[in-house]
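Note on naming: letters A, B, ... go to the chains in the order of the sequence lines (proteins, then strands), and numbering restarts at 1 for each one.
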Amino acid sequence: EPEVTQTPSHQVTQMGQEVILRCVPISNHLYFYWYRQILGQKVEFLVSFYNNEISEKSEIFDDQFSVERPDGSNFTLKIRSTKLEDSAMYFCASRPRQGENTIYFGEGSWLTVV
Amino acid sequence: AQSVTQPDIHITVSEGASLELRCNYSYGATPYLFWYVQSPGQGLQLLLKYFSGDTLVQGIKGFEAEFKRSQSSFNLRKPSVHWSDAAEYFCALSGGYNKLIFGAGTRLAVHP
């Protein structure tokens with residue numbers, strides 16, 4: 001069964017460093033998302049991406065964050081200058097097409113900022 | 001405002017017992033509703049979903065959920081819990097084609 005894959009599974013970075021989290025959505029899906037889950041808290045929406053542009057973003061998704069689909073298969077989340085409070089599990093997700101409302105999640109990338 | 005409430009933070013049941021996890025939502029129309037399960041250190045796996053039609057939906061792993069519009073609820077049930085069901089369960093809604101809004105989750109522990 002096709003699945004969303006994410007790399008790395010776990011990354012430790014120093015505060016102030018840039019981090020790129022990578023995702024390969026399910027082939028032929030058109031809508032892409034990033035969510036995050038701070039330890040012990042609920043899963044929060046960060047950003048949605050469609051047709052090579054951001055379609056919606058949350059208040060969390062400030063100027064420190066950016067997303068990109070550089071080559072038609074990968075979907076990346078970049079955090080420019082990490083803060084301690086960016087430590088979380090980051091989930092990539094994708095959805096097939098308009099009219100199909102199920103969102104499929106990857107296994108997540110644990111980011112620890114020290 | 002759109003929101004999802006899972007009143008029970010932590011539930012413990014005995015293996016073989018029945019299970020019901022509560023989910024209430026707030027939304028101006030009929031939302032699309034989902035239950036996801038997250039095992040420790042793992043991603044989010046879709047258990048089941050409700051879009052329209054029959055209000056009792058069946059999912060994977062023997063789970064089912066019932067949509068009750070009058071109560072704004074979408075409770076998850078399983079007649080007989082297995083030890084492998086121990087995980088965190090998230091109810092979520094979508095108002096359309098975009099983001100999911102998650103509840104805080106219910107952590108399920110299963111006693112042998």
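- For A/Thr102 against B/Phe51, the heavy-atom pair with the smallest separation is OG1-CZ, 3.6 Å.
- Atom CG of A/Asp63 is surrounded by 12 or fewer heavy atoms from other residues, nucleotides or ligands within 6.0 Å.
- Neither the backbone nor the side chain of A/Tyr50 comes within contact range of chain B; no heavy atoms are under 4.5 Å apart.
- A 6.0 Å sphere centred on CD1 of B/Ile9 holds no more than 12 heavy atoms belonging to other residues, nucleotides or ligands.
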Could you walk me through whether A/Tyr33 and B/Leu100 pass side chain to side chain contact (heavy atoms under 4.5 Å, CB included), step by step?
CA-CA 10 Å; A/Tyr33 308 85; B/Leu100 285 172; over 6 Å; no

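- The two residues A/Phe45 and B/Lys99 have their closest heavy-atom pair at CD1-CB, 3.4 Å.
- No path of Ile, Leu, Val, Met, Phe, Trp and Tyr side chains, each step under 4.5 Å between heavy atoms, connects A/Leu77 with A/Met89, placing them in separate hydrophobic clusters.
- By the neighbour-count criterion of 12 heavy atoms within 6.0 Å, atom CD of A/Gln14 is sparsely surrounded, having that number or fewer from other residues, nucleotides or ligands.
- Taken to the nearest 0.5 Å, the CD atom of B/Gln45 stands 10.5 Å off from the CD atom of A/Glu3.
- In terms of modelled atom types and a separation under 3.5 Å, the side chain of B/Tyr36 and the main chain of A/Phe105 share no donor-acceptor contact.
- Summarising the local packing, CG of A/Leu39 is surrounded by 12 or fewer heavy atoms from other residues, nucleotides or ligands at distances under 6.0 Å.
- Counting heavy atoms of neighbouring residues, nucleotides and ligands inside a 6.0 Å radius, atom NE2 of B/His111 does not exceed 12 of them.
- Only the side chain of B/Leu46 comes within less than 4.5 Å of a heavy atom in chain A; its backbone stays farther off.
- For chain B, the nearby part of A/Gln37 is the side chain; its heavy atoms alone come within less than 4.5 Å.
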